[in-house]
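The structure appears right after this line, and notes come after that.
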Amino acid sequence: MSPRKHHATPESAVEHVHDAFGTAEWWRTAVIYQVYPRSFADSDGDGNGDLGGIRNRLAYLHDLGVDAIWISPFYPSPQADGGYDVADHRDVDPMYGTLADADDLIAAAHALGIRVIIDIVPNHTSDEHPWFQAALAAGPGSPERARYWFVDSPGVPNNWPSEFGGPAWTQVADGQWYLHLFDRKQPDLNWENPEVREMFAGTLRFWLDRGVDGFRIDVAHHLVKAPGLSDVDADWDAYNRGALPTNAVPFADQDGVHDIYRQWRALLDSYPGERAMVAEAWVTPHDRLARYVRADEFQQAFNFDYMRATWDADALRAQIRTTLRNADSVGAPATWVLSNHDVIRHATRLVRADPTMAPWILEATEPRPDTGLGLRRARAATALMLALPGSSYLYQGEELGLREVIELPAKARTDPDFLRGGGHRLGRDGCRVPIPWTKDAPAFGFNDTGASWLPQPADFGDYAVDRQRGRDGSTLELYRSLLAVRRQRQLGNGSLALVDLRPDVVALDVTNDRGTTRIVLNLGSAPWPIPASARVLVASTDGVTDLLPTDCAVWLTD
Ligand code: TEU
């Protein structure tokens, strides 16, 4: 791979980072769109999105140009944590529909060539799951309690905190305590117990038999706890900023988790088709994360270190380099992600006051960022991401440029991260507000009754799909162009070289048999002059021809 003369002055250094994959199973290059079902589209007008709503909007996703959808949990659930508190792994919550609706959705998606990934939550169940209810009824020392982490004092409960605030232990009437790394309504399962392993293997089979293409595995790094349940001695602020290795705490990234995923991989591989699983593992640094995507484990793991990169050329280059090298070291595809249902939407996050703050922590006192600048950066960030080799994740509504809804009133908020946090942290409801489809319609077209489980702000109408579709320069049309050009030029599978144009400009060449695409993102204050001989394939801001302004990205070719 060599730099193209008209772009690179002779002194431009080129750093080769990554070679194309020889074989490219779908999951190596897929663009996967996350559907948060409660907030996507509501077919029955009760204010909660549902499976029928997703089905009705598949044509939109097809037109957008995504390869697959990942649907957050739709199982029966008391909704103490947005459905991540599962009461029955093999059914559909009536709020979302029925098993027949799930079958219809899978079939309709497949008919459009869209693959379907569903969410599996193995670290904990709901406290309303029959297993936990049986454990409470059966009492101390029973086999029912042995499926969870029930302990007596002394020593345990230990000092482990719940992710959502407060201690990770709750006492029951007979005096025992149970562990919950998340809400008290999410008791942790004990993965030392063979019954737990069997139950989840059966659940994977249940859904594989129904035709799903894969699974997103919730908190894949938490399942195994270090023996002894000893106290944590870590600086939580540093830990939350990703500055400590994840296994600095005894309930994260323990080696034993890998045995579980090897068994699951063998199970997936026993099915026809290329079934795949992606780890939601907040594991840092990259070489620890790479262990999850070894050849006999997950196919993918979310790249949260990339999500956390600050808006800085050196930081982005470093993440691209390290991500690709570590993924390549185990033959796995890199993944890229900027937003999901747990973090501040990137149109807001990229202009927040403290960019090193954990992306899920929104403090009540945090100043409101500049929406215009946020959207400009978000569009540029997405243009960079969608050119990178590997697989990328989009979160519903980011293709509309949606901002975080910081101003939600306290009484509307439902997230345990807010409810348990004493009001210091606002929680994650602000990225889960139902998305706008039609400006002049009830609930902006989310349904036709106007009901909405979280209130939509008035300016959401301006982001509505009907205001953007077909309008030059809209964020939706930018995403459609990026995805179309990505497909034409097969950018998911190319070699990558970093090009040294200017310290405050990220530039890279992606090369494959469709040619070389040069991606340039300007993070400096001076415009970057686009060479006269280059053709602009797509730009994150309208009207870019000669000069690439600050906070803009462009895809160029000969
Ligand atoms: O999230 C894992 C997780 O630890 C964080 O993203 C968490 O939401 C954040 O630290 C806020 O405190 C997964 C799911 O994606 C999330 O929605 C669930 O709440 C969590 O697991 C528990 O199942």
Side-chain angles (χ1 to χ4, degrees), residues 32 34-39 70-75 77-87 89 117-129 132 160-168 179-189 200 215-223 234 236-237 239-242 244 246 249 251-253 257 278-284 289 292 301-305 307-308 337-346 349 357-363 393 395-396 404 413-422 424-432:
I32 301 170
Q34 181 189 356
V35 174
Y36 191 73
R38 196 168 180 189
S39 306
W70 144 38
I71 312 173
S72 281
F74 47 74
Y75 315 110
S77 164
Q79 301 291 333
D81 180 22
Y84 286 89
D85 48 322
V86 179
H89 299 86
I117 292 174
I118 64 168
D119 215 312
I120 297 289
V121 189
N123 180 66
H124 41 265
T125 66
S126 164
D127 65 336
E128 297 180 34
H129 189 284
F132 194 74
W160 296 2
S162 150
E163 180 70 42
F164 299 138
L179 174 67
H180 52 89
L181 293 181
F182 293 90
D183 193 69
R184 73 175 174 75
K185 286 182 68 62
Q186 293 168 293
D188 277 52
L189 287 163
F200 275 93
F215 303 107
R216 176 259 189 198
I217 306 299
D218 191 62
V219 290
H221 57 311
H222 278 323
L223 274 50
W236 282 112
D237 185 56
Y239 193 76
N240 281 332
R241 286 174 196 263
L244 299 178
T246 311
V249 302
F251 51 80
D253 193 27
V257 296
V278 54
E280 191 231 11
W282 288 81
V283 169
T284 197
L289 187 64
Y292 288 73
F302 289 113
N303 184 358
F304 294 124
D305 279 353
M307 177 191 264
R308 300 171 93 121
V337 62
L338 290 165
S339 279
N340 67 30
H341 68 295
D342 287 332
V343 301
I344 301 168
R345 282 188 178 274
H346 68 281
R349 198 181 67 241
M357 183 71 92
W360 63 88
I361 297 180
L362 178 58
E363 288 185 333
Y393 280 82
Y395 174 53
Q396 67 181 36
E404 184 80 6
R413 293 189 181 274
T414 67
D415 185 3
D417 193 43
F418 171 72
L419 301 174
R420 283 179 66 91
H424 302 297
R425 281 158 60 159
L426 293 177
R428 302 162 296 174
D429 291 300
C431 63
R432 301 174 179 179

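Both counts, for ligands and for their atoms, begin at 1 and track the order of listing. All values below come from the heavy atoms of this structure, side chains included, with hydrogens, waters and symmetry mates left out. Predicted model, so just to flag it, every value in this text is computed and none were measured.
For Arg432, every heavy-atom contact with ligand 1 shorter than 4.0 Å involves the side chain, none the backbone. With a heavy-atom cut-off of 4.0 Å, Arg425 touches ligand 1 through its side chain alone. With a heavy-atom cut-off of 4.0 Å, His222 does not touch ligand 1 at all.
In terms of protein heavy atoms, atom 7 (C) of ligand 1 is closest to Arg428 NH1, 3.7 Å. Of the protein's non-hydrogen atoms, Trp360 CD1, 3.3 Å is the one closest to atom 11 (C) of ligand 1. Among protein heavy atoms, the minimum distance from atom 23 (O) of ligand 1 is reached at Asp218 OD2, 2.7 Å. Protein heavy atom at the shortest distance from atom 5 (C) of ligand 1 is Trp282 NE1, 3.9 Å. Scanning the protein heavy atoms around atom 10 (O) of ligand 1, the nearest turns out to be Glu163 OE2, 2.6 Å.
Using modelled atom types, no side-chain atom of Glu128 and backbone atom of Ser77 make a donor-acceptor pair closer than 3.5 Å.
For Asp81 and Arg428, the salt-bridge test passes: some basic side-chain N is under 4.0 Å from an acidic carboxylate O. Salt-bridge formation is detected for the pair Asp218/Arg216: a Lys NZ or Arg NE/NH1/NH2 atom is positioned less than 4.0 Å from an Asp or Glu carboxylate oxygen.
Residues satisfying the side-chain hydrogen bond (donor to acceptor under 3.5 Å, both in side chains) criterion with Tyr393, sequence neighbours excluded, are Gln300.
Every atom of ligand 1 is numbered from 1 in the order shown, and the set under 4.0 Å from a heavy atom of Asp81 is 18 (C), 19 (O), 20 (C), 22 (C), 23 (O). Using a 4.0 Å cut-off to heavy atoms of Phe164, the atoms of ligand 1 that qualify are 12 (O), 19 (O). Using a 4.0 Å cut-off to heavy atoms of His124, the atoms of ligand 1 that qualify are 22 (C), 23 (O).
Judged by distance alone, the side chains of His424 and Glu363 never bring a donor and an acceptor atom under 3.5 Å apart.
Comparing Val121, Asp85, Asp342, Asn340 by heavy-atom distance to atom 15 (O) of ligand 1, the nearest is Asp342.
Between Asn240 and Trp360 there is a side-chain heavy-atom pair separated by less than 4.5 Å.
Minimum interatomic distance between Phe304 and Ala281 (heavy atoms only, all atoms of both residues): CD1-O, 3.8 Å.
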Determine, stepwise, if the pair Phe251 / Leu181 fulfils side-chain contact (heavy atoms from CB on, under 4.5 Å). CA-CA 9 Å; Phe251 51 80; Leu181 293 181; 3.9 Å; yes
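Contact between Arg420 and ligand 1 is absent, with no heavy atom of the residue lying under 4.0 Å from the ligand.
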